Each structure stands twice: as structure tokens, then as C-alpha cells.
Amino acid sequence: MRTSEIRTRWLDYFAANGHEIRPSVSLVSPEPSILFTVAGMVPFIPYILGTQQPPWPRAASVQKCIRTNDIDNVGRTTRHGTFFQMSGNFSFGDYFKEGAIDYAWELLTSGVDRGGYGLDGERLWMTIWEEDEVSWNHLTRTIGVPERRVQKLPFAEISWSTGQPGPAGSCCEIHYDRGPDYGPDGGPAVDTRGDRFLEIWNLVFDEFIRGEGRGHDFELVGKLERTAIDTGAGLERLAFIMQDKPNMYEIDEVYPVIAAAETMSGRSYGRGAAGGRRLGGRRAYARGRRPHPLRPHAHLRRRAPRQRRARLRPAPPHPPRRALHAPAGRGGRRHADPADRLQGRHEGLLPRTGGAVARDQRGRLRRGGRLPAHPGRRHHHPGHRGGRR
Ligand code: GLY
């Protein structure tokens with residue numbers, strides 16, 4: 001399926017499900033907290049935060065993005081680009097976790113003749129926050145995904161924000177299993193390189209507000225008055241799978257750029273100085289090689305970095321990254337509300353902020369009067385996810 005059709009199907013599906021279709025906005029972010037438009041949610045931040053009344057309860061778009069958060073991965077993986085298009089659907093106090101999961105599952109697995117993408121549901125794996133029992137129950141009981149294909153992770157590894165003050169929440173990441181030629185078995189929690197279990201869609205369940213801070217060290221300043229949904233599917237990644245290409249650079253909408261570069265440079269794509277073959281294809285993993293189309297010999301010199309985010313300091317009381325297949329209700333301390341755990345061992349639930357979210361004179365998000373002040377105490381938010389894998 002051509003990329004243009006994947007895009008059209010996305011917009012048609014969400015329009016048919018009551019979403020307002022919005023155009024892509026400028027790559028220069030309309031939101032003052034960030035320089036570039038790093039995700040489809042950027043133009044909707046005021047609606048998610050509740051600082052502006054959304055004109056519609058739900059929206060969808062295909063947004064052009066420059067993801068500065070991922071820039072260090074470009075040239076080291078087969079799935080990151082300096083520029084990409086993010087297909088998204090958004091709910092502003094309308095549907096939440098179950099609704100977002102239902103839409104994603106239906107669009108991905110419905111037959112092509114019914115307007116879907118026709119992906120094999122047996123190849124889809126999910127990663128969710130270990131405290132998110134709503135998503136766990138919905139995926140395993142309502143939709144019927146086998147428990148082994150829903151892997152639980154600590155919040156630090158399965159949450160998302162823009163990296164700046166604003167909305168934040170845990171995620172349900174949807175990964176497509178490309179098969180044993182591309183990496184070890186065991187799901188995305190094991191395949192940390194993300195070559196085999198390719199993340200294609202991230203559903204963000206926004207319910208918190210994060211404040212100022214660098215890296216993973218910042219404050220949680222409250223809970224959103226209304227929960228929101230922000231999802232992002234990599235349009236080029238869907239094309240990468242549906243066109244059965246070895247990397248995102250060879251899809252129909254990107255390859256012409258390479259072809260033009262070949263013409264201009266007189267060099268052939270996929271042939272390094274010592275000659276070579278088409279890169280990044282099947283058996284790359286089995287051969288123990290990790291060739292990359294733009295850096296054909298890089299895999300011989302160094303291994304690509306882990307794609308997962310560094311853990312927070314101080315380290316939370318989790319063992320190293322792992323897959324937990326324990327069913328809901330497993331032993332261990334349970335919390336009445338995720339915020340209880342997020343707020344740490346100190347307090348109970350975070351209060352909802354009501355209208356208390358405000359910007360100071362420099363436009364930074366500040367907690368409002370109804371939030372408790374804890375002078376000198378940092379709430380170590382588990383961290384922003386920093387970008388799609
Ligand atoms: N805003 C969701 C994502 O970029 O993954």
C-alpha cells in the first residue's frame with residue numbers, strides 16, 4: 001500500500017469516527033514551550049492542558065515533524081528520520097484508554113477491503129505501564145490479546161511528554177513483530193534495539209502535568225482537569241512494514257530523495273567504498289550484522305546505542321528492564337491511583353489542579369494556588385519518554 005493511501009485511510013477512518021480532521025501545522029512549533037513541532041499533539045497542547053477550550057472533543061491529523069528528541073538516533077537505526085510524518089488521533093476529555101486502544105486495534109487489523117490496514121493481529125505486541133490495569137484488562141480480556149504479548153514496564157520507560165513543561169502520561173506502545181530474521185524472540189521488552197519488534201504506534205494517556213526540569217529530573221505539578229488522548233503512529237513506519245521494505249528510507253515517499261542524491265553524487269545507494277549489497281534486509285540479524293543504508297560500515301565499528309531511555313536517578317525500586325507477564329492483581333504493593341505512586345512515597349494523591357495551571361511571565365508552566373507547596377522537595381517524575389523508539 002502506498003504511503004499516500006495509508007495517510008488517506010487514517011484520516012478517513014478517524015473522520016468516520018467523529019474526529020475533526022486538522023491540517024498539518026508549521027514545523028516551527030506554534031506552542032512556545034518548544035522550538036520545533038516534535039509530535040502531532042503539539043498544536044493541541046492548550047486543549048490537552050485545558051488552558052483553551054477545544055472547539056471539538058476529538059481530532060485527527062497527519063503532522064509533519066522534526067523530532068529533536070530523536071536526532072541522535074538518526075543514522076544509527078533503520079527507523080528514525082530527521083523528518084517524518086506522525087499520524088495521530090486526539091481526545092480532549094472525550095474517550096480515554098479503552099477508546100484509544102479500540103480505535104488502534106480496529107484500524108490496524110481490519111481488512112484492507114474494509115478500509116483498514118489488514119495487519120495480522122498475531123504479530124502485534126503491546127507495552128504498557130505496569131500500574132495500568134485498565135489497559136491490561138482491556139487488551140487481554142476484551143480484545144483477547146494473549147497475556148505474553150502485553151508486556152509491563154516501569155513508568156520511566158513507558159511515559160511520554162514533549163520534554164518540556166506540559167502534559168504527560170503513560171503509554172500503550174504497539175509494536176509489530178517483523179520475525180526472527182530481525183532479532184531475538186521475547187517481545188519488545190527484550191528486543192531493546194527495536195529492529196524486530198518495531199514500534200508503530202504510541203498511545204499516550206495524558207493525565208498529569210509536568211513542570212520545569214532537565215532530562216528526567218523535573219516536577220510533577222498536578223493532574224489534568226480532564227484526561228486526554230494523544231496518539232502518534234509513524235506514517236513511514238507503517239509504510240515500511242506494509243511495503244515490506246528493510247528500512248524507512250526505501251519506502252515510496254522517501255526513496256526518491258535517495259535516487260536524486262545518487263544522480264547528483266554519481267554514487268550508488270547501498271554500495272560502500274568496498275562495494276556491497278542492498279542493506280538492512282532480512283537475515284541481517286541472523287548474520288550478526290547490523291548494516292545501515294546510510295552508514296554501511298558503521299555496524300562493523302560499533303554497536304548502536306540502546307534505544308530505551310536511561311533510568312531515573314535515584315533509581316526507582318524496579319529491577320532492570322524486564323517483561324512482567326504477571327496478571328493484574330499480582331502480589332506487591334498496589335495503589336488506589338497511579339498518581340499515588342507517581343507522587344512517590346511521600347504523599348497521597350495529587351490534587352486535581354482545577355483552573356490552577358498558569359504560565360508565569362516567561363511563559364513557563366507553574367503550579368496554581370490549590371496545589372500544595374513542598375519547599376525544598378523535588379518530585380522525581382519518572383521521566384519523559386523522550387520519543388518514539
Ligand atoms: N505524542 C506521542 C508520541 O510522540 O509518541
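What you are looking at is a predicted structure, and each value in this text was computed from that prediction instead of being measured. Counting starts at 1 for both ligands and their atoms, following the listed order.
- Residue-ligand proximity, Val204 to ligand 1, at heavy-atom distances under 4.0 Å covers atoms 2 (C).
- In this view, Glu106 and Tyr13 satisfy the side chain to side chain donor-acceptor pair (under 3.5 Å) rule, not counting sequence neighbours.
- In this structure, Lys152 forms a cation-pi arrangement with Trp136, its terminal cationic atom sitting closer than 6.0 Å to the ring centre and no more than 45° off the ring axis.
- In this pair, Phe90 and Phe44 present their aromatic rings tilted. The plane angle is within the 30 to 60° band.
- Relative ring orientation between Trp201 and Trp10 is described as tilted, the plane-to-plane angle lying within the 30° to 60° band.
- With a heavy-atom cut-off of 4.0 Å, Glu199 does not touch ligand 1 at all.
- Connection of Ile66 to Val257 is not established within any shared hydrophobic cluster, with ILVMFWY side chains joined at heavy-atom distances below 4.5 Å, either directly or through further cluster members.
- Checking only distances, Thr231 never comes within under 3.5 Å of ligand 1, N or O to N or O.
- Distances below 4.0 Å separate heavy atoms of Arg67 from the following atoms of ligand 1: 3 (C), 4 (O).
- Each of the following atoms of ligand 1 lies closer than 4.0 Å to a heavy atom of Met86: 3 (C), 4 (O).
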